[in-house]
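Contents: one structure, followed by commentary.
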Amino acid sequence: MFETIKKWFNYLFASANSAFEANADPKVQLEQAMAEARHQHQTLRNQAATVIANQKQIEAKLNRKIDEVEKTTASARQAVLMADKAAAEGDEAKAADYTEAAQAFATKLVALEGEVDSLKQLSLDSARASDQAKAAVTEHGQKMQERLAQQQKLLSKIDQAKMQETVNDAMQTLTVTAGIEGPSFDELEAKIEARYARARGYQELDAASPEGRMLEVERAAMASQATNKLDEIRAQLGMGASDEKQLEADKAKELDPSATASESVTEVIDVEESEA
């Protein structure tokens, strides 16, 4: 029973995780990864700072012990000299006291030298640990810089991907139907072309019908009347006939030679009358 519940829980967890990964924003996930990397870097820096601080404390303690060894050595020497001087002067009591003091200093010196040796070894170990911590922080810092540069590239790729997806969606709307919201561009184009073709068909039918011919004749008559009216206005203004009217007159002369000859005779008679 417990195994079944555990499997079901794992299944639900995997399913939820899969759904989350499918719908998660890559930018947010990338920022989360960078935040975790920065947290790890800060943790490493804190640990390295602790190691370096410990190494500094050991060095300071070692220096204090070395100073104490030097002082104790000097005191032991002084006690030995004073004991020797007292013995030379025949003062056995002082000589014994100074000798006992020198012995105490010597005992302390032995203990101090043992501590110094231990601190020296501990200082070497802490120095190596400190160097390793500094190297680890430096290496991780370089990786952080590389990750920051990679983050910028990935963010740029994410933006490019979103832009491409937008373009793809826009292009897709040009080729697929829009469903219940309305027809596609292809459907609208076909519909408009069909209406245009139908209108042109009706136009051709109207033009071929008697009513269409009558309408064409009426339009031509109105255009001729408008031209004649324009010629009258030009004549009143002392201007020549319109180019279209003159062109029609020239064509009429070419088609009717007798009219041209008659006009020539009329012109000669007019000239003779004017000379008379």
Side-chain angles (χ1 to χ4, degrees), residues 2-3 5-78 103-166:
F2 177 75
E3 290 296 329
I5 295 175
K6 183 178 179 181
K7 290 180 180 179
W8 179 249
F9 176 78
N10 291 335
Y11 172 79
L12 291 177
F13 178 78
S15 178
N17 186 53
S18 177
F20 172 78
E21 291 294 336
N23 298 316
D25 188 351
K27 279 189 175 182
V28 176
Q29 290 183 308
L30 185 59
E31 183 59 32
Q32 288 176 342
M34 289 304 302
E36 179 63 24
R38 285 191 290 267
H39 176 70
Q40 292 177 356
H41 184 68
Q42 186 60 42
T43 301
L44 183 62
R45 284 174 56 86
N46 294 338
Q47 293 175 350
T50 301
V51 172
I52 295 172
N54 185 51
Q55 187 254 342
K56 296 297 183 183
Q57 291 175 356
I58 292 173
E59 286 184 354
K61 187 175 182 179
L62 176 61
N63 292 330
R64 289 195 300 270
K65 290 297 180 181
I66 291 174
D67 293 339
E68 192 174 353
V69 166
E70 292 177 354
K71 292 179 180 180
T72 303
T73 300
S75 298
R77 288 178 180 178
Q78 185 65 30
Q103 185 68 29
F105 284 127
T107 301
K108 183 179 180 180
L109 183 60
V110 171
L112 289 173
E113 288 177 348
E115 291 183 15
V116 168
D117 292 338
S118 298
L119 288 173
K120 284 182 178 180
Q121 184 61 42
L122 190 59
S123 178
L124 292 175
D125 294 339
S126 64
R128 283 193 294 268
S130 178
D131 293 338
Q132 292 175 357
K134 291 178 182 178
V137 171
T138 301
E139 182 180 359
H140 199 272
Q142 292 175 352
K143 289 183 179 180
M144 280 292 299
Q145 294 299 323
E146 294 175 358
R147 288 181 180 178
L148 287 173
Q150 187 179 10
Q151 180 191 22
Q152 296 301 321
K153 292 181 180 179
L154 291 176
L155 288 174
S156 178
K157 286 184 178 180
I158 291 173
D159 292 337
Q160 292 176 6
K162 288 184 177 180
M163 292 177 63
Q164 188 61 46
E165 290 172 354
T166 302

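The figures that follow rest on heavy atoms only: side chains count, while hydrogens, waters and symmetry mates do not. All residue numbers refer to positions in the sequence shown, counting from 1.
- For Q145, there are no side-chain hydrogen bond (donor to acceptor under 3.5 Å, both in side chains) partners at least two apart in sequence or on another chain.
- Judged as a salt bridge (Lys or Arg N to Asp or Glu O under 4.0 Å), the pairs with a partner in residues 131-142 (not counting sequence neighbours) are, in order, E139-K143.
- Atoms CD and CD, on Q40 and E36 in that order, are 4.5 Å from each other to the nearest 0.5 Å.
- For residues 105-148, the set of pairs meeting the ring pair (Phe, Tyr, Trp, His ring centres under 6.0 Å) definition, not counting sequence neighbours, comprises H41-H140.
- In this structure E31 satisfies the side chain to side chain contact (heavy atoms under 4.5 Å, CB included) test together with R38, Q151, sequence neighbours excluded.
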Please output the side-chain donor-acceptor pairs of residues 113-129 that fall under 3.5 Å, not counting sequence neighbours, one pair per line with the distance.
from: E115; atom 1: OE1; to: K65; atom 2: NZ; distance (Å): 2.8
from: S118; atom 1: OG; to: G114; atom 2: O; distance (Å): 3.1
from: Q121; atom 1: NE2; to: D125; atom 2: OD1; distance (Å): 3.4
from: D125; atom 1: OD1; to: R128; atom 2: NH2; distance (Å): 2.3
from: S126; atom 1: OG; to: L122; atom 2: O; distance (Å): 3.1
from: S126; atom 1: OG; to: S123; atom 2: O; distance (Å): 2.8

Distance-only donor-acceptor hits, side chain of residues 42-56, under 3.5 Å, sequence neighbours excluded:
from: Q42; atom 1: NE2; to: N46; atom 2: OD1; distance (Å): 3.1
from: T43; atom 1: OG1; to: H39; atom 2: O; distance (Å): 2.9
from: N46; atom 1: ND2; to: Q42; atom 2: O; distance (Å): 3.2
from: T50; atom 1: OG1; to: N46; atom 2: O; distance (Å): 2.9
from: Q55; atom 1: NE2; to: E59; atom 2: OE2; distance (Å): 2.2

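- For K108, the salt bridge (charged side-chain N to carboxylate O under 4.0 Å, His left out) partners two or more places apart in sequence, or in a different chain, are E68.
- When side chains are defined from C-beta on, Q160 does not count as touching M163, because their heavy atoms never get closer than 4.5 Å.
- How far CG of N63 is from CD1 of I58: 12.0 Å, rounded to the nearest 0.5 Å.
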